Amino acid sequence: MSQEGKVSTTGQPSTFVDYLILNASRFADRPAFRHKDHGIWKTWNWAEALEEIRAYSMGLKKVGIKPGDKIAIVGQNRPRLYWTFCAAQAIGAVPVPVYADSVAEEMSFVLQHAEVVAAVCQNQEQVDKIDSIRGELKTLKHIFYDEPRGLRDYDMKNLHAISDLQETGRAVLADKGDDAWRKGFSKLSGDDVAVMLYTSGTTGRPKGVMLSYDNLIKSAANANKFDNLDENDEIIAYLPLAWVGDHVFSYAQSYVAGYCVCCPENPETADHDRLEIAPTYFFAPPRVFETMLTNINVRMQDASNMKQKMFSYFMGYARKVGERILNNEDVSFGDKLKYKLGDFFVYGPLKNRMGMSNMKVGYTAGEAIGPEIFSFYRSLGLNLKQLYGQTEASVYISAQPDGQIRADTVGKPSIDVEIKIAKSGEVLYRSPGVFVGYFKNDKATKETKTKEGWVHTGDAGFIDGEGHLRIIDRAKDVGKLKDGSLFAPKYIENKLKFFSNIKEVVAFGDGRDQCCAFLNIDLTSVGNWAERNNVSYASYQELTQHPDVIKMMGEHVAEVNKDLASEEMMSGSQIARFLVLHKELDPDDGEMTRTMKVRRPFISERYGDLIEALYDGSSEKFIETEVVFEDGRKGAISATVSIMDAEKFAPTHAIKEAAE
């Protein structure tokens, strides 16, 4: 089965430097970048951005950066770090963004593998990380930094401030003129590598995905066309620079459309800063939308009775007609009028409080989002949609067209994208965004990309009767219990994660007698519940093992089991036993990737004793676990973890079929 999107035929410049020059001409006075610093928003228009990047680029060239050199970018979302991408590309170098919250040892592999010649750091913290592993980085010659605080007395060879590089570049431009800069990118073409982004490494070492200018520009142009994005739009850039989503949303699409990228003061203020900016274009993983809804519910519990009743009444009405109005379906005049009233009293203030009052289109992806959560935002009149993508695709594989929004699909093939389902059930795609290859890994490239250009996603899925793609699970993770029942761990985990009290789940069962699971509580939600129910606790570990918390988790598991019992393919995979893990799964401890994906092999090895206890009938198990703190220090936490039997239900799908 195959589906193909509509074909775009628009001509466009071939590199991002071309777009920078074009935008400085066509949108000279329009905002290109904003950054909040010490509580004040500073803005650069496209003409100013061109001057900043041109000087930066010539400064890099002056200190010896050459075409083909790899430049690491380490830090949070900052204009100068975004400028680094284009400044490097203008001299033929290749930017390699790295996750800012990675510990030094994690960075070491990526920087060594990429053979970086220079590292651009946001601040002292990132400079210190790079300096601590400098002996391992044989190709590293320079470290550049944005924020000087704490670095003035550093006596490190080849440590430069970006501002100093720009001054050097301006002097070169004043002496040699603009042609000296233009020569650096005059020979670049759409086939050249524009950026190298490393995969999250869920099953092994991260791989360096090489994306060309054609990959990114064509994908960005098609995405802008799909959602009618132009120079009047704004986005808030708060996601990791190393993630392909941020690179496409906050860099590629911005340059192609000419819209403004707004950088928050820091990650902790991103929510408040979003309120001030009210972006028109917004992306967040399901976890962010779940957290926002949890916070709304927590605040409403503290509200007056009148406000609670008003919220309950109008949200009930929004669930009834909100999505229908958003989809331009026929709704009576009375319903529209009442919805307008609800918008004045409830929906409007809510959207304003979330910084979404101007949102034209929003996306979520990466994990399944709970149908109730998805419907909540759409019922407010927010055009929240789902997409499906990968680093190797320059993000876009499928997306939901306006008016065709369902929580159980990830939409139709994006523009210029072909999708087909292999006999094994794996989803394959082909598009202009398909990556050039994996850096220094021809074997993996050949295993992932066929000679005909089809890319193996590694995901199992199918195309439904309406042409929408539905993803089931990672193909390699789908297995069977000993009795032959289908075991799709992600499917089961997502059903549990739809509960606001549950943050993360890991299910086990392939090749075993029954399905069992680890649960992580959501501290915000469960902590609020504990406060309201006078449940005292001294630590996260103590709260996880409180009898009432375990009982609550058991009720959630039973509800999911009841749901699974009604599904013919999944009724045999009901959860038989579960435990509430004594610590949060954490990227710093290697249990999750930096994009918050579970590393199943690592967890199976690290918590092998707990897994066996789930299957040998134990009622509890003592465990001590090593943890890594933010500053790199190591410690240990221990707990006696309770193991519970879950309520299971007789399959009901056969009864339903007989009744029909």
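When a residue number appears, it is its place in the shown sequence, counting from 1. Just so you know, these numbers come straight off a predicted model, no measurement behind them.
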Under 3.5 Å donor-acceptor, [X] side chain and [Y] backbone:
X	Y	answer
Ser312	Gln308	no
Glu426	Gly458	yes
Arg378	Glu323	no
Glu504	Glu584	no

Pairing residues for [X] by the side-chain contact (heavy atoms from CB on, under 4.5 Å) criterion, not counting sequence neighbours:
X	result
Lys648	Asn561, Gln574, Ala576
Met552	Asn501, Trp529, His556
Glu367	Pro286, Lys490, Asn494, Lys497
Asp273	Lys36, Trp41, Ile236, Pro264, Glu265, Thr269, Glu276

Which pairs with one or both residues in residues 251-260 pass side-chain hydrogen bond (donor to acceptor under 3.5 Å, both in side chains), sequence neighbours excluded?
-> Gln89-Tyr251, Asn224-Gln253, Gln253-Tyr281, Gln253-Tyr396

Quick one: salt bridge (charged side-chain N to carboxylate O under 4.0 Å, His left out) partners of [X], sequence neighbours excluded?
X	answer
Asp563	Lys495
Lys480	none
Glu591	Lys583, Arg606
Asp302	Arg532

Any side-chain donor near an acceptor of the partner, Gln390 and Thr457, under 3.5 Å = no

Is a salt bridge present between Asp335 and Lys338, judged by a nitrogen-to-oxygen distance below 4.0 Å?
-> no

Identify whether the distance between the nearest side-chain nitrogen and carboxylate oxygen of Lys360 and Asp227 falls below 4.0 Å.
->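 No, Lys360 and Asp227 are not salt-bridged.
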
With sequence neighbours left out, write down each residue that passes ring-ring contact (aromatic ring centres under 6.0 Å, His included) with Phe374, or none if nothing qualifies.
->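 With neighbours one apart ignored, the set is empty.
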
Could you list the residues that satisfy ring-ring contact (aromatic ring centres under 6.0 Å, His included) with Phe314, not counting sequence neighbours?
-> none

Where do Asp343 and Lys340 land on the salt bridge (charged side-chain N to carboxylate O under 4.0 Å, His left out) test, with the steps shown first?
-> CA-CA 5 Å; Asp343 190 54; Lys340 281 280 188 185; 5.8 Å; no

Can you say whether the rings of Phe249 and Trp243 are parallel (under 30°), tilted (30 to 60°) or perpendicular (over 60°)?
-> perpendicular

Would you please name every residue forming a side-chain hydrogen bond (donor to acceptor under 3.5 Å, both in side chains) with Thr280, sequence neighbours left out?
->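 Asp233.
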
Are side-chain heavy atoms of Ser500 and Glu290 found at a separation under 4.5 Å?
-> no

